[in-house]
Amino acid sequence: MKLPAEIGRISLSLLVIVGAAVLTAGAVADAAPQTASSIDRTPLPLVKLPPQDWHPQIFVRVHNYAHVDAGLLHGAEAIATRILKEARITANWVYCPLPQEEDDAYAQCPSNWGTNGFVLNILTPEMVGRIQTRVENLGSAPAPCDEDATSCPISVFYFRVAECAEQFSIQTERLLGHVLAHEIGHMLSASHSSKGIMRGEWGRDDLKLIGFSMLEFSPDQAKQMRTALLHRAVRPELTQNVKLYASR
C-alpha cells in the first residue's frame with residue numbers, strides 16, 4: 001500500500017496504547033511489556049545520583065517479525081545509535097528469538113531486564129492490521145514508558161517505512177534509523193517539537209535532510225531523556241529502601 005503522494009509529510013504522531021489491546025494475537029502478545037508492581041512513591045533520602053556528565057546506556061531487545069534484511073537493520077541501528085549518542089545516550093541492540101525459534105541461537109538475549117531495557121517489535125503488515133493506526137504512522141511507542149516498567153515496547157511498521165523511503169528517494173536504513181530514535185525519544189519522555197528528530201510531522205525538507213544528514217534531539221530533549229533514565233536507574237534503589245524501611 002503506497003502512502004498518498006499528496007501527504008507531503010510523514011506523521012509520527014504518537015499512538016495511544018491502552019492496556020494489552022495494542023498487540024492482540026499470537027507472537028505479538030508475547031512481546032507485550034511487563035510492568036513491575038507499583039510502590040510507594042514517597043521520596044527517600046540517600047540516593048546516590050550520577051555526575052552531570054553521565055552517559056546512560058539503554059538495551060533494545062529486537063524482535064524482527066518482518067524479517068528485515070540483517071544488513072539494512074544493522075545500518076538503521078547505527079543511524080539511531082549516532083543520533084542518541086549526540087544526546088549522550090548509548091544504545092545497545094540485542095537480537096532475540098521469535099516464536100518457534102531456538103533460544104540457544106540467541107545466547108546474548110538477556111532473560112532478566114532492568115528498567116533501561118526496551119523491546120523493538122518490527123511488525124509485518126498483518127500484525128499492523130490488528131491494531132488501530134493511521135496509514136501515515138511509521139511507528140508507535142508509549143510516551144513515556146512507566147519508570148517501573150521493564151521491556152517497554154516500540155512498534156515499527158517497516159513496510160510503511162520502506163514505501164516512504166522509496167517515495168522520497170531516501171535510503172531505507174536512514175529513514176528507519178530516524179524512526180527508531182524518534183520512538184525511543186517518546187519512551188524517554190521527549191515530546192513532539194516544532195523541529196528536529198521529535199517533530200510530529202516530517203515535511204519534505206526534513207526528509208531531504210534525513211537523506212544525507214541527521215535530525216537531532218534538542219539539548220533540552222537530551223537532558224529530559226537522560227533525566228528519565230536517571231529516574232529509571234534509581235527506582236530499584238528506592239524500591240529496596242522501601243523494603244528495608246518496611247521490614248524495620
Side-chain angles (χ1 to χ4, degrees), residues 1-15 58 60 62 64 66-93 118 120-125 128 133-143 153-226:
M1 177 178 63
K2 292 288 184 180
L3 292 175
E6 65 270 19
I7 288 178
R9 55 179 61 192
I10 305 305
S11 170
L12 288 172
S13 300
L14 177 71
L15 299 178
I58 62 172
V60 183
V62 181
N64 187 9
H67 298 288
V68 177
D69 175 77
L72 189 153
L73 189 52
H74 290 158
E77 291 163 357
I79 294 292
T81 298
R82 287 174 57 193
I83 296 171
L84 289 163
K85 185 177 180 180
E86 291 297 317
R88 292 191 291 171
I89 295 173
T90 301
N92 302 276
W93 310 85
F118 306 97
L120 168 61
N121 296 316
I122 306 178
L123 305 185
T124 66
V128 177
T133 171
R134 293 160 53 190
V135 296
E136 63 267 31
N137 285 114
L138 304 181
S140 68
I154 302 169
S155 294
V156 169
F157 316 143
Y158 174 74
F159 67 103
R160 293 182 183 172
V161 174
E163 290 171 351
C164 178
E166 181 179 2
Q167 179 180 342
F168 290 94
S169 300
I170 304 171
Q171 286 185 326
T172 305
E173 63 188 45
R174 296 195 64 82
L175 182 56
L176 179 58
H178 280 74
V179 172
L180 295 177
H182 178 101
E183 300 301 347
I184 289 173
H186 273 313
M187 288 205 300
L188 298 178
S189 302
S191 301
H192 281 157
S193 58
S194 60
K195 60 181 179 180
I197 187 71
M198 292 310 297
R199 185 168 179 169
E201 295 180 341
W202 290 341
R204 291 183 182 274
D205 289 343
D206 298 306
L207 293 167
K208 183 178 180 181
L209 183 59
I210 287 173
F212 67 87
S213 184
M214 292 190 309
L215 302 179
E216 296 182 349
F217 294 100
S218 70
D220 285 344
Q221 289 167 346
K223 181 178 179 180
Q224 187 176 26
M225 292 162 63
R226 291 195 304 274

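Scope of the values below: all heavy atoms of this structure, side chains included, with no hydrogens, waters or symmetry mates.
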> Mind checking whether L188 and I89 have side chains closer than 4.5 Å, heavy atoms only?
Replying inline: yes
> Is the closest side-chain heavy-atom distance between L175 and C164 below 4.5 Å?
Replying inline: yes
> Is any side-chain heavy atom of Q224 less than 4.5 Å from a side-chain heavy atom of D220?
Replying inline: no
> What are the two closest non-hydrogen atoms of N137 and F157, and how far apart are they?
Replying inline: O-CD1, 3.2 Å
> Can you check whether H178 and H182 have ring centres sitting under 6.0 Å from each other?
Replying inline: no
> For L84, which of I79, I184, I197, L180 qualifies under side-chain contact (heavy atoms from CB on, under 4.5 Å)?
Replying inline: I184
> Measuring from E216:CD to K195:NZ, what's the distance to the nearest 0.5 Å?
Replying inline: 11.5 Å
>> Evaluate I122 against L73 for side-chain contact (heavy atoms from CB on, under 4.5 Å), listing each step before the verdict.
In response: CA-CA 10 Å; I122 306 178; L73 189 52; 3.5 Å; yes
>> Taking the side chain as everything from C-beta on, heavy atoms only, tell me whether R174 gets closer than 4.5 Å to M214.
In response: yes
> Is there a donor-acceptor contact under 3.5 Å from the side chain of R160 to the main chain of L138?
Replying inline: no
> So do the side chains of F168 and I210 get within less than 4.5 Å of each other, counting heavy atoms only?
Replying inline: no
> Which pair of heavy atoms, one from A87 and one from A222, lies closest together, and at what distance?
Replying inline: CB-CB, 3.6 Å
> Which pair of non-hydrogen atoms, one from A80 and one from A181, has the smallest distance, and what is that distance?
Replying inline: CB-N, 4.2 Å
>> For the CZ atom of R199 and the CG atom of D206, what is their distance to the nearest 0.5 Å?
In response: 4.5 Å
> With S189, which residues qualify under side chain to side chain donor-acceptor pair (under 3.5 Å), at least two apart?
Replying inline: none
>> List the residues meeting ring-ring contact (aromatic ring centres under 6.0 Å, His included) with H74, not counting sequence neighbours, and say none if there are none.
In response: Y95
>> Quick check: closest heavy atoms across H186 and A141, and the distance to 0.1 Å?
In response: CB-CB, 4.4 Å
> What distance separates I154 CD1 from N121 CG, expressed to the nearest 0.5 Å?
Replying inline: 9.0 Å
>> On a heavy-atom basis, which atom in Q221 and which in S193 lie closest, and how many Å separate them?
In response: NE2-OG, 3.1 Å
> What are the two closest heavy atoms between G196 and W202, and how far apart are they?
Replying inline: O-NE1, 3.8 Å
>> In the structure I gave you, are the side-chain heavy atoms of F217 and E86 within less than 4.5 Å of one another anywhere?
In response: no
>> side-chain contact (heavy atoms from CB on, under 4.5 Å) for V62 and E77? Distances and angles first, verdict last.
In response: CA-CA 10 Å; V62 181; E77 291 163 357; 3.8 Å; yes
> Atom OG1 of T81 and atom CG of N92: how far apart are they, to the nearest 0.5 Å?
Replying inline: 8.0 Å
> Any side-chain heavy-atom pair from M198 and S191 closer than 4.5 angstrom?
Replying inline: no
> Among all residues two or more places apart in sequence or in another chain, which pass the side chain to side chain donor-acceptor pair (under 3.5 Å) test with T124?
Replying inline: E126
>> Test your reading of the model: is there a side-chain donor-acceptor pair from D69 to the backbone of G71, 3.5 Å cut-off?
In response: yes
>> Here's a test for you: under side-chain contact (heavy atoms from CB on, under 4.5 Å), which of L123, V179, V128, L176 qualifies with Y158?
In response: L176
